[in-house]
There are 2 protein chains.
Amino acid sequence: MRERNKISEKQRNILRFMETFIDQKGYPPTIRQIGEAVGIDSTSVVNYNLNKLVQAGYLERTGRTSRGIRLIKPLNPRRVSVNSAYNTPRIPLIGQIVASAPVSIPEDMGHHIDDDNLIEVPVSFLNGIDPSEVFALKVKGDSMIDAMISDGDIVLLRRQDTVSDGQMVAVWLDERGETTLKHFFAEGPRVRLQPAHPTMSPIYVDAAHCHIQGRVLSVLRPSV
Amino acid sequence: MRERNKISEKQRNILRFMETFIDQKGYPPTIRQIGEAVGIDSTSVVNYNLNKLVQAGYLERTGRTSRGIRLIKPLNPRRVSVNSAYNTPRIPLIGQIVASAPVSIPEDMGHHIDDDNLIEVPVSFLNGIDPSEVFALKVKGDSMIDAMISDGDIVLLRRQDTVSDGQMVAVWLDERGETTLKHFFAEGPRVRLQPAHPTMSPIYVDAAHCHIQGRVLSVLRPSV
DNA sequence: ATTCTAAAAGAACGCTCGTTCTATGTCAAA
DNA sequence: TTTGACATAGAACGAGCGTTCTTTTAGAAT
């Protein structure tokens with residue numbers, strides 16, 4: 001079987017045209033408008049290529065509906081941040097993060113999400129991570145000052161229990177009985193947790209007593 | 001003349017329906033779909049109300065174009081952050097902010113903006129301020145630590161030379177020869193500049209030697 | 001009581017637009 | 001050379017869809 005995800009130059013042009021068209025007009029183009037833009041004289045050929053793009057996962061179509069085309073997969077993910085033709089991901093704000101308690105993450109993040117607790121996040125802030133794996137917590141209190149994070153900040157996290165050296169993590173420390181945000185470095189049997197604040201000293205804990213709650217992707221401070 | 005900006009309950013329903021429809025489907029509804037949703041049996045009546053909404057500035061329409069309707073003004077600005085039916089504002093990233101130099105703001109922000117230097121910002125982060133008045137600067141160096149801002153952070157600013165007490169400002173201090181971000185308090189002839197970091201002391205400067213460059217709206221830390 | 005305007009209904013018209021079918025050309029594999 | 005998948009063109013059909021016109025009703029202003 002031939003490569004199904006490969007798309008032709010003409011199909012790339014269709015995607016590019018659709019991005020700018022939707023961005024500028026606020027609604028998708030018709031088949032004939034696409035044809036005119038990319039130099040295809042027949043509606044059936046445009047239709048043919050659109051179906052290819054659906055197969056490749058770039059588009060969704062609604063049958064027998066004028067302009068029933070929707071962009072799904074960006075052609076160049078890096079440029080999406082300047083293009084509103086794609087939907088901006090909305091991340092569930094599922095709770096607070098305080099020093100005195102472990103972060104509580106519902107097992108199933110898909111359910112019981114209140115519309116009011118979704119925050120819109122620029123795609124570029126997710127570093128290519130699937131938005132469905134990401135959640136947000138609001139920082140309560142000034143205990144995260146050593147991570148350069150203040151009260152009211154919103155922390156974007158990806159649920160994972162292992163991280164690479166240098167990444168910032170949310171960890172629960174058994175011995176101290178607190179949650180903290182630090183840069184993580186595995187050093188043999190123990191773990192070095194380095195504050196983001198450059199003048200503050202790292203702490204060292206036993207790896208067994210350090211429970212990673214998730215990786216910190218970015219921090220947002222909505223108002224100052 | 002009667003109030004032109006007031007819209008009826010039915011027209012509010014139309015806007016609400018359009019928000020969710022565009023959000024879910026990726027394209028705007030037809031006149032008949034709107035009518036069915038809000039309980040209007042005649043296409044001409046929907047058309048009538050749509051034109052009212054255009055007059056009130058909530059919509060734009062493209063004549064004789066199927067689904068040629070676009071949302072402009074959000075019904076409830078606070079809720080826009082969870083709705084991608086509106087375009088996410090893109091803010092020009094026009095330079096860096098360092099302690100050692102005043103922020104340089106081009107007189108005309110509308111021109112010579114490179115596409116690659118636009119950053120997408122959730123509407124809720126602008127506090128209702130017109131996006132065209134907002135610009136972004138990237139923080140260089142660790143000199144803003146007392147404002148809980150670290151190297152690489154992106155600061156959203158609104159160009160203005162006066163602010164209210166308590167707001168965070170970017171100011172240029174003649175005597176120190178530096179730009180800093182502090183909470184602003186006018187105290188008679190002088191100005192108290194309070195660091196965001198709770199344990200740090202304020203500084204006091206003569207109001208005449210304190211040049212406000214802009215008001216800080218929010219702070220974004222793209223990756224940690 | 002009359003007049004004016006907003007709001008709504010319904011029908012008819014005609015362009016818009018997706019779909020489908022047939023036909024032609026290209027190129028690589030058999 | 002033949003076969004078959006792929007790509008493109010063109011045309012015709014029918015439903016989709018915005019526009020416009022005529023009426024009707026309700027309420028406010030004169």
Side-chain angles (χ1 to χ4, degrees), chain A residues 1-18 21-22 24-72 85, chain B residues 1-18 21-22 24-72 85:
Chain A
M1 182 178 288
R2 154 182 301 232
E3 194 66 65
R4 190 173 294 269
N5 311 30
K6 280 282 185 184
I7 61 173
S8 70
E9 180 60 28
K10 191 155 289 184
Q11 286 157 11
R12 250 190 305 280
N13 286 338
I14 290 178
L15 288 180
R16 260 195 291 270
F17 169 68
M18 284 194 60
F21 189 100
I22 296 176
Q24 286 170 11
K25 310 247 187 172
Y27 47 84
T30 66
I31 285 185
R32 286 170 178 81
Q33 286 169 329
I34 295 172
E36 192 179 0
V38 303
I40 296 177
D41 293 324
S42 170
T43 57
S44 65
V45 177
V46 177
N47 187 55
Y48 170 82
N49 283 290
L50 287 177
N51 288 334
K52 292 282 176 183
L53 287 167
V54 171
Q55 280 175 24
Y58 287 91
L59 300 178
E60 267 179 19
R61 297 185 72 186
T62 306
R64 291 161 206 279
T65 300
S66 65
R67 305 177 195 275
I69 320 174
R70 139 175 261 183
L71 292 167
I72 297 294
Chain B
M1 182 177 291
R2 155 182 300 232
E3 195 66 65
R4 192 173 292 271
N5 310 31
K6 281 282 184 182
I7 60 172
S8 70
E9 179 60 27
K10 191 155 290 188
Q11 285 156 11
R12 250 190 305 281
N13 285 338
I14 290 178
L15 288 179
R16 261 195 290 271
F17 169 68
M18 284 193 60
F21 189 99
I22 296 176
Q24 285 170 12
K25 311 247 188 174
Y27 48 84
T30 66
I31 286 184
R32 285 172 177 81
Q33 286 170 329
I34 295 173
E36 190 180 0
V38 303
I40 296 176
D41 293 325
S42 170
T43 57
S44 65
V45 177
V46 177
N47 187 55
Y48 170 82
N49 282 291
L50 286 178
N51 288 333
K52 292 282 174 184
L53 287 168
V54 170
Q55 280 174 24
Y58 287 91
L59 300 178
E60 266 178 20
R61 295 185 74 187
T62 307
R64 290 162 206 279
T65 299
S66 66
R67 307 176 193 276
I69 321 174
R70 137 175 262 183
L71 291 168
I72 297 295

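Numbered from 1 within each chain, the chains take letters A, B, ... in sequence-line order.
Rounded to a whole Å, the CZ atom of R67(B) is 16 Å from the C1' atom of dC15(C). Atom CD1 of I34(A) and atom P of dT8(D) are 14 Å apart (whole Å). Whole-Å rounding puts the Y27(A) OH to dT16(C) P distance at 13 Å. Taking atom CG of residue N51(A) and atom P of nucleotide dA7(D), one finds them 12 Å apart after rounding to whole Å. Across the protein-nucleic acid pair, L50(A) atom CG and dT20(C) atom C1' stand 15 Å apart, rounded to whole Å. For E36(A) and dA9(D), the CD to C1' distance is 16 Å, given to the nearest whole Å. The interatomic distance linking E9(A) (CD) with dT8(D) (P) rounds to 12 Å, in whole Å. In this entry the distance linking CD1 of I40(B) with C1' of dG10(C) reads 14 Å, nearest Å.
Note on N49(B): a side-chain N or O is less than 4.0 Å away from OP1 or OP2 of dA8(C). Taking only side-chain nitrogens and oxygens, S66(B) comes nearer than 4.0 Å to OP1 or OP2 of dC17(C). Look at N47(A) and you won't find any side-chain N or O under 4.0 angstrom from OP1 or OP2 of dG18(C).
Of the residues near DNA chain C, Q33(A) and K10(B), the one whose nearest nucleotide (by heavy atom distance) lies more toward the 5' end is K10(B). Mapping R32(A) and Y48(A) onto DNA chain D by nearest heavy atom places Y48(A) closer to the 5' end of the strand. Taking the nucleotide of DNA chain C with the nearest heavy atom to each of G68(A) and G39(B), the more 5' of the two is matched to G39(B).
In terms of polar N and O atoms assigned as donor or acceptor, the side chain of S44(A) comes within less than 3.5 Å of the base of dG10(D) in a complementary pairing. For T43(B) and dT19(D), a side-chain-to-base donor-acceptor distance below 3.5 Å is present, hydrogens and geometry of angles not being considered. Not a single donor-acceptor contact under 3.5 angstrom links the side-chain atoms of S42(B) to the base of dA8(C).
Ion pair E60(A)/K25(B) not flagged as a salt bridge, since none of the NZ, NE, NH1 or NH2 atoms sits closer than 4.0 Å to an Asp/Glu carboxylate oxygen.
The heavy-atom pair separating F17(A) from I34(A) by the smallest distance is CE2-CA, 3.7 Å.
Here T65(A) lies in heavy-atom contact (under 4.0 Å) with sugar-phosphate atoms only. Within the nucleic acid shown, R64(B) comes within 4.0 Å of sugar-phosphate atoms alone, with no base atom in reach, counting heavy atoms only.
Within the 4.5 Å cutoff, the side chain of P28(B) has heavy atoms near those of the P28(A) side chain. Contact check for R61(B) versus N51(B): side-chain heavy atoms found under the 4.5 Å cut-off.
Residues Y27(A) and T62(B) bring a donor and an acceptor atom of their side chains to less than 3.5 Å of each other.
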